[in-house]
Amino acid sequence: LYLRPGAAVPGEHLHPGVHETFTVLGGCVGFRVDGVEQDAVAGVSVAVPAGVRHDWWNAGPREAHVLVELAPAGRFEEMILNLFG
């Protein structure tokens, strides 16, 4: 992901059958996972188990770069294209 300053996911959500791992490659990204907030910078990974409520946003003044891994990915790419495309 490339997150402009102020960018955020549409809101707190969960994926019943998908585990997500976010690795910040640059910038600062804020996360709320199961009600606990943290900021992550380059080199930090945040894991979100399936079924856990989470939210994320660009928490810094510049563009943030994040690698997102999903398991299993299933039709997630189609959802992202529909939501943001």
Side-chain angles (χ1 to χ4, degrees):
L1 296 175
Y2 295 88
L3 304 172
R4 295 180 189 159
V9 72
E12 189 175 68
H13 62 284
L14 62 84
H15 309 285
V18 177
H19 176 95
E20 284 184 288
T21 302
F22 298 85
T23 302
V24 179
L25 304 175
C28 181
V29 180
F31 292 91
R32 184 180 311 106
V33 179
D34 202 18
V36 177
E37 285 193 22
Q38 74 177 81
D39 287 339
V41 295
V44 174
S45 293
V46 175
V48 181
V52 172
R53 292 188 139 318
H54 60 286
D55 195 5
W56 50 261
W57 56 92
N58 184 334
R62 64 184 181 99
E63 185 173 82
H65 299 166
V66 184
L67 173 66
V68 182
E69 298 174 87
L70 303 135
R75 296 177 50 200
F76 198 84
E77 182 178 14
E78 291 175 37
M79 188 274 298
I80 293 295
L81 289 171
N82 285 327
L83 188 61
F84 295 104

Please name the pair of heavy atoms, one in Gly17 and one in Ala50, separated by the smallest distance, quoted to 0.1 Å.
-> C-CB, 3.9 Å

Side chains of Leu67 and Glu69: closer than 4.5 Å at any heavy-atom pair?
-> yes

Between His19 and Pro49, which heavy-atom pair has the shortest distance, and what is it?
-> ND1-CA, 3.4 Å

Single hit among Leu1, Val68, Val48, Val66 for side-chain contact (heavy atoms from CB on, under 4.5 Å) with Trp56 = Leu1

same_hphob_cluster(Val46, Leu14) at 4.5 Å side-chain heavy-atom cutoff | no

For Ser45 against Thr21, the heavy-atom pair lying closest together | CB-CG2, 4.4 Å

Just how far is it from atom CG of Asp55 to atom NE2 of His13, taken to the nearest 0.5 Å?
-> 7.5 Å

Would you find a donor on one side and an acceptor on the other, under 3.5 Å apart, between the side chain of Asn58 and the backbone of Ala7?
-> no

Apply side chain to side chain contact (heavy atoms under 4.5 Å, CB included) to the pair Phe31 and Val24, showing each step before the final yes or no.
-> CA-CA 11 Å; Phe31 292 91; Val24 179; 4.3 Å; yes

Return the minimal non-hydrogen interatomic distance between Asp39 and Ala59, and the atom names on each side.
-> OD1-CB, 3.8 Å

Taking all heavy atoms of Gly26 and all of Arg62, pick out the closest pair and write down the distance.
-> C-NH2, 4.4 Å

Should Arg32 and Arg53 count as side-chain neighbours, where that means a heavy-atom distance under 4.5 Å?
-> no

Set of ring-ring contact (aromatic ring centres under 6.0 Å, His included) partners for His65, sequence neighbours left out | Tyr2

